[in-house]
J.: 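After the structure tokens below, expect a handful of questions from me.
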Amino acid sequence: MGIRRITREQARQIAVRAQLLEAARPDDLVAMVRQLTLLQIDPTSAVAPSADLVAWSRLGPAYEPGQLKQAVEVERSLFEHNALIRPMADVGLYLAGAADWPSHAGMREWMRANESFQRDILALLGDRGPVVSREVPDTCPVPWASTGWTNNRNVTQMLEYMMMRGQVAIAGRVGRERVWDLPERVYPADVVVPATAEAERLKNERRLRSLGIARAKGTAVPVEPAIVGEVGEPVEVEDTKGVWQVDPAALAASGFEGRTALVSPFDRLIHNRVRAVELFDFEYTLEMYKPAAKRRWGYFALPVLHGDRLVGKVDVIGDKKASVLRVNAIHQDVKFTRAITKAVHAELDDLADWLKLGKVDLPPS
């Protein structure tokens, strides 16, 4: 039997449905993160922090940022690890193979040279409980050497490495500062840690379920892989090259009903820019690191989803002091119909209401 072939429209609908951006919204934060597998933490808050934007775009006005803090720090139904918030039910998958981290010889040597520093940190956490990094004395015998911004940042570097090795955990945040503690005070006592190979298979299965459709192999992307190995069912997608992997359950689903949504630049629907072009004909670059004169779409432009198409970007800034959501430009990748324009304006109104801003300041038409 040959490889199944699907249309790009089917592929897009699979991707949108998997990311919970259909008309029917989820109604539970933890269940939402369980399906998405992660919320990415980023300090940029031109509109709102990305993790909150992703949650709002799915849950709507019922979502309040305090719910995320409650889930991570009080209920312990979610946890933070390596700048990502994940379901606590998955914690074992990210502790698998931790003792073998890092694979880089230079990093491993630095860890070995500073075993006394690690013991000091564990003793401090055992005695004092949760602390932020500035409360940790730097007793590092061999400083961390780097040509970048981490040079001699011994405490933060060691805490991050110990987190990856499962020796410490992030208990929460005070503002933007991470609060560190012993894993047994953060993670469940009965956490099951599978073998590394099994954990990788399960992570690939979870990742494919959250994306709906993905490549088995590809170029590495920051933060979270966009590839899923050989899990799922191989398919070909019209007008694209090669083979894709699809979640079998997604192939069986029917009755797609889309909606209009403004999504974060870090949203997993568009995070893999190559996939966004292949499936959605959507080009996007996060331009906040570019000089203003070289930006095409804006400092923190929000991609616009309409049904199963990505149709444009909205250059928007939340001005809390003036209580205004400032829309600098609405970029149309395709010509907006009256219905799309009305839906985008409604989303901007909803975003302003959620941010508790008094009005939306639209650009001249």
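Note that the coordinates shown come from a computational prediction; the quantities given were computed from them, not determined experimentally.
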J.: Answer yes or no: is there a donor N or O on one side and an acceptor on the other, between the side chain of Q67 and the main chain of A62, under 3.5 Å?
T.: yes
J.: So does A31 get a backbone contact from the side chain of D28, meaning a donor-acceptor N/O pair under 3.5 Å?
T.: yes
J.: Tell me whether D247 contacts the main-chain N or O of L208 through its side chain, where contact means a donor paired with an acceptor under 3.5 Å.
T.: no
J.: Quick check for you: to the nearest 0.5 Å, what is the distance between L21 atom CG and R268 atom CZ?
T.: 13.5 Å
J.: Q332 side chain to F336 main-chain N or O, any donor-acceptor pair under 3.5 Å?
T.: yes
J.: Please round to the nearest 0.5 Å and tell me the distance separating atom OG1 of T37 and atom CE of M32.
T.: 10.5 Å
J.: Under 4.0 Å between a side-chain nitrogen and a carboxylate oxygen: does that hold for R58 and D267?
T.: yes
J.: Decide if atom CZ of R112 counts as having more than 12 heavy atoms of other residues, nucleotides or ligands within a radius under 6.0 Å.
T.: yes
J.: Does F300 reach the side chain of P265, with side-chain heavy atoms less than 4.5 Å apart?
T.: yes
J.: Is the closest side-chain heavy-atom distance between L279 and I213 below 4.5 Å?
T.: yes
J.: Would you say D349 has more than 12 foreign heavy atoms packed within less than 6.0 Å of its CG?
T.: yes
J.: Which residues pass the side chain to side chain donor-acceptor pair (under 3.5 Å) test with Q118, not counting sequence neighbours?
T.: Q167
J.: Using 0.5 Å steps for rounding, measure from the CD atom of E287 to the CG atom of D315.
T.: 9.0 Å
J.: Does a salt bridge link D100 with R165, judged by any charged N lying under 4.0 Å from a carboxylate O?
T.: no
J.: Evaluate the side chain to side chain contact (heavy atoms under 4.5 Å, CB included) criterion for residues M288 and T44: first the C-alpha distance (whole Å), next the side-chain angles of each, then the deciding distance (0.1 Å), finally the verdict.
T.: CA-CA 9 Å; M288 63 184 182; T44 308; 3.3 Å; yes
J.: Any side-chain donor paired with an acceptor under 3.5 Å for N204 and R207?
T.: yes
J.: Answer yes or no: are there more than 12 heavy-atom neighbours, outside R5 itself, under 6.0 Å from its atom CZ?
T.: yes
J.: Are the side chain of E22 and the backbone N or O of R17 linked by a donor-acceptor pair below 3.5 Å?
T.: no
J.: Suppose we call two aromatic rings close when their centres sit under 6.0 Å apart. Are Y161 and W144 close by that rule?
T.: yes
J.: Can you see whether D52 engages Y63 through a side-chain donor-acceptor pair at a distance of less than 3.5 angstrom?
T.: yes
J.: Would V16 and F256 count as a side chain to side chain contact (heavy atoms under 4.5 Å, CB included) if you check the C-alpha gap in whole Å, the side-chain angles of each, and the deciding distance to 0.1 Å?
T.: CA-CA 9 Å; V16 171; F256 178 84; 3.9 Å; yes
J.: As a test of understanding, state which of N328, V47, V327 forms a side chain to side chain contact (heavy atoms under 4.5 Å, CB included) with I317.
T.: N328
J.: Roughly how far apart are E73 CD and L78 CG, rounded to 0.5 Å?
T.: 11.0 Å
J.: For a salt bridge (charged side-chain N to carboxylate O under 4.0 Å, His left out) check, start with the C-alpha distance between E177 and R173, then their side-chain angles and the critical distance, and finish with the verdict.
T.: CA-CA 5 Å; E177 288 188 279; R173 289 192 174 231; over 6 Å; no
J.: To the nearest 0.5 Å, what is the distance between CG (D333) and OH (Y284)?
T.: 11.5 Å
J.: Can you get from L53 to L36 by hopping between Ile, Leu, Val, Met, Phe, Trp and Tyr side chains that sit under 4.5 Å apart?
T.: yes
J.: Salt bridge or not between K217 and E230? Use side-chain N to carboxylate O under 4.0 Å.
T.: no
J.: With sequence neighbours excluded, tell me which residues meet side chain to side chain donor-acceptor pair (under 3.5 Å) with S133.
T.: none
J.: Taking the six-membered ring of F282 as reference, does the NZ or CZ atom of K313 fall below 6.0 Å from its centre and within a 45° cone about the axis?
T.: yes
J.: So for atom NZ, which belongs to K290, do other residues, nucleotides or ligands contribute more than 12 heavy atoms lying within a distance under 6.0 Å?
T.: yes
J.: Please answer whether the main-chain N or O of V72 pairs with a side-chain N or O of R76 as donor and acceptor at a distance below 3.5 Å.
T.: yes
J.: Would you confirm whether N272, through its side chain, and R275, through its main-chain N or O, come within 3.5 Å as a donor-acceptor pair?
T.: yes
J.: With a cut-off of 6.0 Å (strictly less than), are more than 12 heavy atoms of other residues, nucleotides or ligands near NZ of K342?
T.: no
J.: Check the side chains of R86 and Y94 for a donor-acceptor pair under 3.5 angstrom, ignoring hydrogens and angles.
T.: yes
J.: Check for a donor-acceptor pair, side chain of Q35 on one end and backbone N or O of L20 on the other, with a separation under 3.5 Å.
T.: no
J.: Under 4.0 Å between a Lys/Arg side-chain N and an Asp/Glu carboxylate O for E200 and K203?
T.: yes
J.: Is R206 reaching over with its side chain to a backbone N or O of R34, donor-acceptor style, under 3.5 angstrom?
T.: yes
J.: Got a second to check how far L325's CG is from W354's CH2, nearest 0.5 Å?
T.: 11.0 Å
J.: Here's a test for you: under side chain to side chain donor-acceptor pair (under 3.5 Å), which of R215, R273, K241 qualifies with E278?
T.: R215
J.: L351 and L262: side chain to side chain contact (heavy atoms under 4.5 Å, CB included), yes or no, with the steps?
T.: CA-CA 9 Å; L351 178 58; L262 305 178; 4.3 Å; yes
J.: To check you understand the geometry: which heavy-atom pair defines the closest contact between V168 and L159, and what is its length?
T.: CG2-O, 3.6 Å
J.: Would a distance-only check, ignoring hydrogens and angles, find a side-chain to backbone donor-acceptor pair under 3.5 Å from R108 to P102?
T.: yes
J.: With the 4.5 Å side-chain cut-off for hydrophobic clustering, are L305 and L59 part of the same group?
T.: yes
J.: Using the rule given for salt bridge (charged side-chain N to carboxylate O under 4.0 Å, His left out), can you reason through R296 versus E283, listing the C-alpha separation, both sets of side-chain angles and the distance that settles it, and then say yes or no?
T.: CA-CA 11 Å; R296 297 170 61 189; E283 182 186 356; 2.8 Å; yes
